[in-house]
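Have a look at the structure below, then the notes.
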Amino acid sequence: MTTSVTPPLRIAIAGSSGRMGRMLIEAVLQAPDCQLSAALDRPGTPSLGQDAGAFLGKICGVAISDDVRAALQASDVLIDFTRPEGTLAHLALCAELGVKLVIGTTGFDAQQKAQIGALAARTGVMMAPNMSVGVNVVLGLLDRAARALSEGYDIEIIEAHHRHKVDAPSGTALAMGEAVAQALGRDLKACAIYGREGVTGERDPSTIGFATVRGGDIIGDHTVLFAGIGERIEISHKASSRATFAQGSLRAARFLASQGPGLYDMNDVLGFKG
């Protein structure tokens, strides 16, 4: 009698020399059911050719490369936390080769999101503004809170990230705003206020305000404030390590492995839908 052994999930990492890329590589190397199949970075990156595990003081046998096609041909899933343009180029090749894609990149515009939706008809794509399980639980709490606090409470969203983050507000802050707006039956594009300066007049109670902080090495702090008369309710999530995003990404990759083409989010991964 023979016992079948499930082969490890072959995972490629984009942006492997960056902070998030390295955290993802470490998570994959530590996961017994996953195999690091490729580590990608941009042409000209100084780390090209180096072993992907060198920063951990270990040799994993995977060299950092800029050959995306070769990397994807050896992989089941690509995890991408890079920039919108690079992610879209990777997705087009994933769709061609039938490779699944986990997208942690933020800052996509409406046209780019439409491109992702179209390409997801050809391969499985999981896209979320935040891969943290905790953040996605918070999004559900915000829906409930917004419905209960729909009258008499001003809503402000405050987010803080490290000095290197290039988009603002963060994708997570916008997702929180969308969750609140949807619960209240509002259009976030019409009611969001992204900055205040000078004599702004009294606050419009129908608006949702955003405040952005950038500095140091803050990984990611988000707070949604419901300010009423005589009380404030704050729902917060603070990330102390990028490991939470890496573990959520691996969970998403495992989910995608058994899914067909389509565009999924963390609610699908966590079984929150339905």
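All of these numbers come straight from a predicted model, not from anything done at the bench.
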### Query
Does the side chain of F108 come within less than 4.5 Å of M127's, by heavy atoms?
yes
### By side-chain hydrogen bond (donor to acceptor under 3.5 Å, both in side chains) - contacts of S150 (at least two apart)
none
### Carboxylate-amine/guanidinium proximity below 4.0 Å for R203 and E156
yes
### Task
Would you check if there is a donor-acceptor pair between the side chains of T45 and S17 at a distance under 3.5 Å?
no
### Task
Using the ring pair (Phe, Tyr, Trp, His ring centres under 6.0 Å) rule, collect all pairs that involve residues 200-238, keeping only residues at least two apart or in two chains.
H161-H222, Y194-F210
### Task
Could you grab the distance from atom CG of L119 to atom CD of E96, nearest 0.5 Å is fine?
11.0 Å
## Note on the structure
Rounded to the nearest 0.5 Å, the CD1 atom of I79 sits from the CG atom of L250 at a distance of 5.0 Å
### Task
Enter the distance from I116:CD1 to K113:NZ here, rounded to the nearest 0.5 Å.
8.5 Å
### Query
What's the spacing between S47 OG and R22 CZ if we round to 0.5 Å?
7.0 Å
Would you be so kind as to tabulate the donor-acceptor pairs closer than 3.5 Å made by side chains of residues 141-149, with sequence neighbours excluded?
| from | atom 1 | to | atom 2 | distance (Å) |
| --- | --- | --- | --- | --- |
| D143 | OD1 | R147 | NE | 3.4 |
| D143 | OD1 | R147 | NH2 | 3.1 |
| D143 | OD2 | R147 | NE | 3.0 |

### salt_bridge(D67, R69) N-O dist < 4.0 Å
no
### Message
Side chains of H90 and D80: any donor to acceptor distance under 3.5 Å?
### Response
yes
#### Entry: Residue Q182 excluded, over 12 heavy atoms near CD under 6.0 Å
no
